[in-house]
There are 2 protein chains.
Amino acid sequence: MSENKIGSYIFAVNYLVVFSKACEYGIKATTYIASQSLEERRVSLKSIAEEIDSPVAFTAKILQTLARNKIIDSSKGPTGGFLIEKKKMDEIKLSQIVSAIDGDNIYKGCGLGLSECNASRPCPVHHHFAKIRNDLRKMLENTSINELASGLEVGLTYLKR
Amino acid sequence: MSENKIGSYIFAVNYLVVFSKACEYGIKATTYIASQSLEERRVSLKSIAEEIDSPVAFTAKILQTLARNKIIDSSKGPTGGFLIEKKKMDEIKLSQIVSAIDGDNIYKGCGLGLSECNASRPCPVHHHFAKIRNDLRKMLENTSINELASGLEVGLTYLKR
DNA sequence: CAAATAAAGGACAATTTTGTCCGAAATAAC
DNA sequence: GTTATTTCGGACAAAATTGTCCTTTATTTG
């Protein structure tokens, strides 16, 4: 009767302006670790995964990547766990986390996937995207983990639900 | 020796501000069909896939979805193919193509994947993303396929390489 | 040194997205 | 009506992303 079922196949449930899941977890984890480091507390993988509501083993992989990239600090054994030095918190920007996890083809790439796309040979949406993408880039490069962690510490922001 | 191999595992090669591949192809295809419709030419699946440099069969699926959603018009048989009525070109916005293909959870969803994230209970990046996401939404809702097709027709923009 | 604890990392599994193949259905031309 | 052409749509396959399991390695404590 009504055309309900019409056109109902969905290709991808991506969002626009998105991080991969890996990146989401990475940002949340880093923010949480930092907020705890502000209070001199080292945190374990388990508590991180719990706090940011992420799969433990997958989170472990991401933390390993972040540690290898010197974004976070890890140590083994009892009393081990993750932390971020306070003095580094202002230096660490969202952009670093993102490119550590998802690589740095981040700001490259045209909105329509053309390999060669620029102002003099643009894809149809190039100019429409230019400002938005640039705003996003600036935001990621200017937002420090300190800023994010502080908001969380004070209870202004949330990592779950 | 040097720390070359360090931190080299990449989780996802997504871009930020991205469409899914399906969406990319959908936008390109629609733009190409429209540009040809401006010159009264119906186009075939094969020529579309060639022109936008996409896998034929996958593109077929996407065109089917677009047709079911009345964004494009299709007809079978010899002399068949795809077209878009000129008078509809101003009405069709990028946002419609995107939600036909990827669903309309598009502007929902928080940057960090929280299900409940808003100004009064924000995730750490909520406010940072708000403007960017909103700009993107407005852009998608205001950009018509006519606009994109015209640029392409005049040779101002490109769909390949 | 032994035991306990926590991260590192390799191998593998599930899910999602992207891509392919092929027969069915519709339509135009002869 | 038969044939050729083109989209439709179901089933399947490949690749990428997300997620799990389990052993090894490092470190602290007794």
Side-chain angles (χ1 to χ4, degrees), chain A residues 5-15 18-26 28-29 33 41-50 52-83 101-103 105 113, chain B residues 5-15 18-26 28-29 33 41-50 52-83 101-103 105 113:
Chain A
K5 276 297 184 57
I6 288 295
S8 59
Y9 184 80
I10 299 296
F11 283 89
V13 281
N14 256 342
Y15 298 141
V18 271
F19 301 112
S20 63
K21 277 291 168 196
C23 229
E24 269 180 35
Y25 299 149
K28 288 189 204 171
I33 296 168
R41 281 198 288 269
R42 197 179 273 272
V43 287
S44 71
L45 165 62
K46 228 183 78 182
S47 68
I48 293 170
E50 204 158 279
I52 71 174
D53 195 24
S54 65
V56 179
F58 191 45
T59 306
K61 302 293 186 198
I62 295 161
L63 293 174
Q64 284 163 31
T65 293
L66 292 172
R68 277 194 302 262
N69 281 275
K70 319 264 190 214
I71 290 169
I72 62 180
D73 217 274
S74 79
S75 63
K76 297 182 178 178
T79 82
F82 301 89
L83 67 80
I101 295 176
D102 278 353
N105 343 43
Chain B
K5 278 296 185 57
I6 289 295
S8 58
Y9 184 80
I10 298 297
F11 284 89
V13 281
N14 257 343
Y15 298 143
V18 271
F19 301 112
S20 62
K21 277 292 167 195
C23 229
E24 269 182 35
Y25 298 150
K28 288 190 203 171
I33 295 168
R41 281 197 290 269
R42 198 180 273 274
V43 287
S44 72
L45 166 62
K46 229 183 76 182
S47 67
I48 294 170
E50 204 158 278
I52 72 175
D53 195 24
S54 66
V56 179
F58 191 45
T59 305
K61 300 293 186 198
I62 297 162
L63 293 174
Q64 286 164 31
T65 293
L66 292 172
R68 278 193 302 261
N69 281 274
K70 317 263 191 216
I71 290 170
I72 63 179
D73 217 273
S74 78
S75 64
K76 297 181 179 179
T79 80
F82 301 88
L83 67 81
I101 295 176
D102 278 352
N105 345 42

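In the text below, chain A, chain B and the rest are named by the order of the sequence lines, each starting its count at 1.
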| said: Quick one, A/F82 and A/L45 - any side-chain contact, counting heavy atoms below 4.5 Å? | reply: yes
Testing D/dG9, D/dG19, C/dA11 for proximity to the side chain of A/F58, the answer is D/dG19
Taken to the nearest whole Å, CZ/B/F82 to P/D/dT6 is 12 Å
Between B/R68 and D/dC8, is there a side-chain N or O to OP1/OP2 distance below 4.0 Å?
no
Comparing A/P78 with A/K21, nearest DNA chain D nucleotide closer to 5' gives the residue A/K21
Heavy-atom nearest nucleotide on DNA chain D taken for A/G77 and for A/A22; more 5' hit belongs to A/A22
When rounded to whole Å, the CD to P distance for the pair B/E50 and D/dT6 reads 13 Å
note: A/R42, atom CZ; D/dT28, atom C1'; distance rounded to Å ~ 12 Å
Q) Do the side chains of B/K61 and A/F11 get nearer than 4.5 Å, heavy atoms only? A) yes
Here the distance between atom C1' of C/dG9 and atom CG of A/L45, to the nearest Å, is 13 Å
A/Y9 OH to D/dG10 P, in whole Å, measures 11 Å
Taking for A/A60 and for B/C23 the nucleotide of DNA chain C with the nearest heavy atom, the one nearer the 5' end belongs to A/A60
Between CD1 of A/I101 and C1' of D/dT18 the distance, given in whole Å, is 13 Å
Value for CD1 (A/I62) from OG (A/S54), rounded to nearest 0.5 Å, stands at 7.0 Å
- Message: With a 4.0 Å limit, can you tell me whether B/Y25 has a side-chain N or O closer than that to the phosphate oxygens OP1/OP2 of C/dG19?
- Response: yes
- Item | Side chain to side chain, A/P55 and A/Y25, heavy atoms closer than 4.5 Å | yes
Rounded to whole Å, CG of B/L63 lies from P of C/dG19 at a distance of 14 Å
The reported gap from NZ in B/K28 to CG in B/D53 (rounded to nearest 0.5 angstrom) is 6.5 Å
Among D/dT20, D/dA11, C/dT18, the one nearest any side-chain atom of A/A57 is D/dT20
Sugar-phosphate, base or nothing in reach of A/K46, heavy atoms under 4.0 Å: nothing
Quick note, A/K76 side chain, CB onward, closest among D/dT18, D/dT25, C/dT20 is D/dT25
When rounded to whole Å, the CZ to P distance for the pair B/F11 and C/dT17 reads 19 Å
Winner on side-chain proximity to B/T79, out of C/dA11, C/dA29, C/dA8, is C/dA29
If the cut-off is 4.0 Å, is A/S74 near the phosphate of C/dA8, judged by side-chain N/O to OP1 or OP2? yes
